[in-house]
Trainee: 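Structure provided below as structure tokens; questions to follow.
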Amino acid sequence: MITFEEALKLVDDNVSVLGKTEACLGDMAGCYLAENVVAPFPSPQFDNSAVDGYGVKTSDLSSASDKTPKELKLVTAIAAGAPSQLQINVGEAVKIFTGARVPSSCEAVVMREYCREENGSVLIECGAQQGENIRRTGDEYKKGETVLESGIKATPPVIALLASLGHVKFPVFKKPVVTLVVTGDELVEPGQPLKDGQIYDSNAYGLTAALSALGISECKSVVARDTREETRKCFEQALSESDVVISSGGVSVGDHDYVKETLEALGVTTVFWRIAMKPGKPVYFGVIDAKDGKRKYVFGLPGNPVSVLVTFHQIVKPALRKMAGGNFCGNSTLKVTAGAALKKRPGRLDFVRGMLSRGENGEPTAIPTRGQESHMLSGLAKAQVMLHFDRDLEKLSPGDPVDVTFISWHD
Ligand code: AMP
Ligand code: MG
């Protein structure tokens with residue numbers, strides 16, 4: 001059986017970026033930019049005030065203090081958005097608001113908090129340095145400068161930055177179209193009555209939510225009953241309609257597990273099946289190149305609800321990220337201290353779900369949540385991290401160093 005690291009490498013080797021499109025700013029959350037962002041103008045575009053205050057000549061204030069305020073003649077007020085070519089002379093000041101253009105004759109803006117207005121003048125209680133509280137043209141970037149590199153995720157600040165440059169839309173990489181195939185005779189839609197032995201389908205909802213958190217909203221979900229015919233019909237349809245098919249259940253070695261044989265019968269090439277990890281051992285990954293040359297990907301995830309979401313987080317997410325134009329980095333890890341004793345058989349990596357807290361000396365410590373079996377969603381629902389209980393280890397003791405990945409569903 002391959003290791004988790006080998007599986008990740010195989011996914012990385014087989015997955016490629018899907019292609020480019022354009023997205024409006026309102027629809028691009030979660031996309032990755034497909035071109036560099038080049039500034040069409042400098043930022044700031046014009047010298048403007050960082051504060052509400054008074055534009056002055058610094059030499060006028062060389063002796064100003066709270067005991068000996070300097071009186072300057074107030075010539076006008078300039079609000080944000082107002083054009084102004086006005087100039088001031090020695091002995092004069094201009095009232096100015098945050099973001100308003102600062103006339104070139106003003107050498108500094110004194111904060112309003114140090115000033116008092118009286119009879120058409122302003123009394124200023126402090127000195128000022130050249131350029132104080134003036135945001136200079138091009139301070140952040142110059143016209144023609146590359147502000148962001150292609151491949152960055154369209155996070156809220158990235159979208160705001162595109163808007164600040166006047167873009168309505170921007171080239172992005174395509175997000176994958178995903179179909180979920182949820183297998184199992186025992187599954188009932190939440191809200192319907194349960195008969196003896198039946199359970200509610202939670203995987204379709206967990207996976208849909210996980211995809212939606214990544215900005216993948218184009219996702220259909222179908223339930224395949226445990227027959228060869230229905231499993232085949234569902235996968236055939238799903239493969240024809242999507243870039244990625246993610247299934248749950250039916251991928252182990254049970255008598256009713258038809259996923260792997262069905263996919264192979266449909267021409268999908270198995271890249272791997274089964275990884276030395278827990279939860280998630282029976283996970284399957286395959287690829288098929290369609291007639292039009294487009295490659296499609298299938299992730300056969302296990303049925304147990306915790307296994308589904310752990311394998312999605314650890315294996316599927318990096319693949320989706322790469323297809324969508326981001327980096328294939330596995331999820332980043334952090335070294336912390338184990339907060340409890342753990343035991344296992346060597347030979348397989350365990351992803352133990354845990355919470356972070358502080359140890360005796362304030363060190364970050366990971367404590368396993370209650371409910372570690374792969375059907376116990378409550379233990380995952382409460383967890384903030386997954387502890388990597390390494391393949392070759394048999395035990396972890398409190399105080400031992402351990403790697404954790406943050407469970408962030410959004411990236
Ligand atoms: P399987 O791999 O199909 O044998 O499923 C393993 C376990 O996961 C069984 O206990 C199933 O009942 C459970 N399971 C499978 N699919 C789902 C689902 N969609 N929602 C909740 N539990 C499921
Ligand atoms: Mg099943």
Side-chain angles (χ1 to χ4, degrees), residues 1 4 7 178-213 216 219-238 242 244-266 268 270 272-286 298-317 348 350-351 353 369 371-383 409:
M1 215 179 302
F4 171 66
V178 181
T179 299
L180 302 176
V181 177
V182 176
T183 72
D185 279 344
E186 71 277 38
L187 302 178
V188 173
E189 181 65 12
Q192 301 300 311
L194 285 176
K195 298 202 185 97
D196 192 24
Q198 294 182 322
I199 57 166
Y200 288 122
D201 168 15
S202 57
N203 290 345
Y205 286 88
L207 287 171
T208 302
L211 290 163
S212 157
I216 299 173
C219 161
K220 191 168 127 185
S221 146
V222 290
V223 178
R225 297 301 166 195
D226 289 324
T227 65
R228 281 198 173 82
E229 297 68 39
E230 198 166 327
T231 307
R232 184 183 171 105
K233 204 177 86 203
C234 289
F235 274 113
E236 202 165 18
Q237 177 86 12
S242 19
V244 180
V245 179
I246 303 174
S247 64
S248 94
V251 75
S252 193
V253 291
D255 288 350
H256 305 283
D257 292 346
Y258 299 122
V259 168
K260 181 171 179 284
E261 63 166 72
T262 302
L263 289 168
E264 286 173 346
L266 286 169
V268 175
T270 299
F272 61 73
W273 176 53
R274 309 214 288 181
I275 306 177
M277 67 182 269
K278 187 184 169 209
K281 180 171 104 178
V283 69
Y284 172 95
F285 173 54
V298 188
F299 294 92
L301 306 186
N304 273 306
V306 174
S307 316
V308 167
L309 290 173
V310 170
T311 49
F312 180 88
H313 181 71
Q314 296 288 358
I315 296 164
V316 183
K317 242 173 25 156
R348 117 207 133 183
D350 272 24
F351 286 112
R353 283 76 70 198
T369 50
Q372 288 290 328
E373 299 294 316
S374 46
H375 60 288
M376 297 179 175
L377 274 172
S378 59
L380 176 60
K382 283 179 274 191
W409 296 106

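Heavy atoms only: backbone and side chains are in, while hydrogens, waters and symmetry mates are out. First listed ligand is number 1; within each ligand, the first listed atom is number 1. Quantities reported herein were computed from a predicted structural model and do not represent experimental measurements.
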Trainee: Counting non-hydrogen protein atoms only, what is the nearest one to atom 12 (O) of ligand 1? Give residue, atom name and distance.
Mentor: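 For atom 12 (O) of ligand 1, the nearest protein heavy atom comes out as E186 OE2, 2.5 Å.
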
Trainee: Run the numbers for me: atoms of ligand 1, each under 4.0 Å from some heavy atom of Y200, listed by number.
Mentor: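 Going through ligand 1 atom by atom, the ones under 4.0 Å from Y200 are 20 (N), 21 (C).
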
Trainee: For ligand 1, is there an atom lying under 4.0 Å from some heavy atom of S202?
Mentor: yes

Trainee: Give me the residue, atom name and distance of the protein heavy atom closest to atom 4 (O) of ligand 1.
Mentor: D257 OD1, 4.1 Å

Trainee: First locate atom CG of L194, then atom CD of E189, and finally report the distance between them rounded to the nearest 0.5 Å.
Mentor: 11.5 Å

Trainee: May I ask you to list the atoms of ligand 1 that are less than 4.0 angstrom from any heavy atom of G249?
Mentor: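 It comes down to these atoms of ligand 1: 2 (O), 3 (O).
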
Trainee: What I want to find out is whether K260 reaches E264 closely enough, with some N-O distance under 4.0 Å, to be called a salt bridge.
Mentor: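 Yes, charged N to carboxylate O under 4.0 Å.
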
Trainee: If you count the atoms of ligand 1 from 1 in the order shown, which ones are under 4.0 Å from a heavy atom of I199?
Mentor: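 Once the distances to I199 are compared, the set is 12 (O), 21 (C), 22 (N), 23 (C).
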
Trainee: So do V244 and I216 actually touch side chain to side chain, heavy atoms under 4.5 Å?
Mentor: no

Trainee: Is the count of non-hydrogen atoms from other residues, nucleotides or ligands lying under 6.0 Å from K233 atom NZ greater than 12?
Mentor: no

Trainee: Identify the closest protein heavy atom to atom 14 (N) of ligand 1: which residue and atom is it, and at what distance?
Mentor: G303 O, 3.3 Å

Trainee: Taking the six-membered ring for Trp, are Y200 and Y205 ring centroids under 6.0 Å apart?
Mentor: no

Trainee: Tell me whether the rings of W409 and H313 are parallel (<30°), tilted (30 to 60°) or perpendicular (>60°).
Mentor: perpendicular

Trainee: Short list, please: which atoms of ligand 1 are under 4.0 Å from a heavy atom of T183?
Mentor: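 Answer for ligand 1: 16 (N).
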
Trainee: Determine whether L207 and V182 make a side-chain contact, defined as any pair of heavy atoms from C-beta on separated by less than 4.5 Å.
Mentor: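 Side chain of L207 against side chain of V182, heavy atoms only: no contact under 4.5 Å found.
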
Trainee: Relative to the heavy atoms of V182, which atoms of ligand 1 are at a distance of less than 4.0 Å?
Mentor: 19 (N)

Trainee: Under 4.0 angstrom from ligand 1, any heavy atom of P305?
Mentor: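 P305 counts as a contact of ligand 1 under the 4.0 Å cut-off.
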
Trainee: Give me the residue, atom name and distance of the protein heavy atom closest to atom 1 (P) of ligand 1.
Mentor: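 Minimum-distance protein heavy atom for atom 1 (P) of ligand 1 reads G250 N, 3.7 Å.
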
Trainee: Relative to the heavy atoms of D201, which atoms of ligand 1 are at a distance of less than 4.0 Å?
Mentor: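 That gives atoms 18 (C), 19 (N), 20 (N) of ligand 1.
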
Trainee: May I ask you to list the atoms of ligand 1 that are less than 4.0 angstrom from any heavy atom of N203?
Mentor: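 Listed by number with element, the hits are 16 (N), 17 (C), 18 (C), 19 (N), 20 (N), 23 (C).
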
Trainee: From the options S221, S247, S248, select the one residue that forms a side chain to side chain donor-acceptor pair (under 3.5 Å) with N203.
Mentor: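 Of the listed options, the one satisfying the test is S248.
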
Trainee: So which protein heavy atom does atom 7 (C) of ligand 1 come closest to, and at what separation?
Mentor: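 Among all protein heavy atoms, the one nearest atom 7 (C) of ligand 1 is N304 OD1, 3.4 Å.
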
Trainee: Within the 4.0 Å heavy-atom shell around L187, which atoms of ligand 1 are there?
Mentor: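 Atoms satisfying the 4.0 Å criterion: 16 (N), 17 (C), 18 (C), 19 (N), 20 (N).
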
Trainee: Just to verify, which of T311, T270, I275, L301 counts as forming a side chain to side chain contact (heavy atoms under 4.5 Å, CB included) with Y284?
Mentor: T270

Trainee: I'd like to check F312 versus L211 (side-chain heavy atoms, cut-off strictly below 4.5 Å). Are they in contact?
Mentor: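 Yes, close enough: below the 4.5 Å cut-off.
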
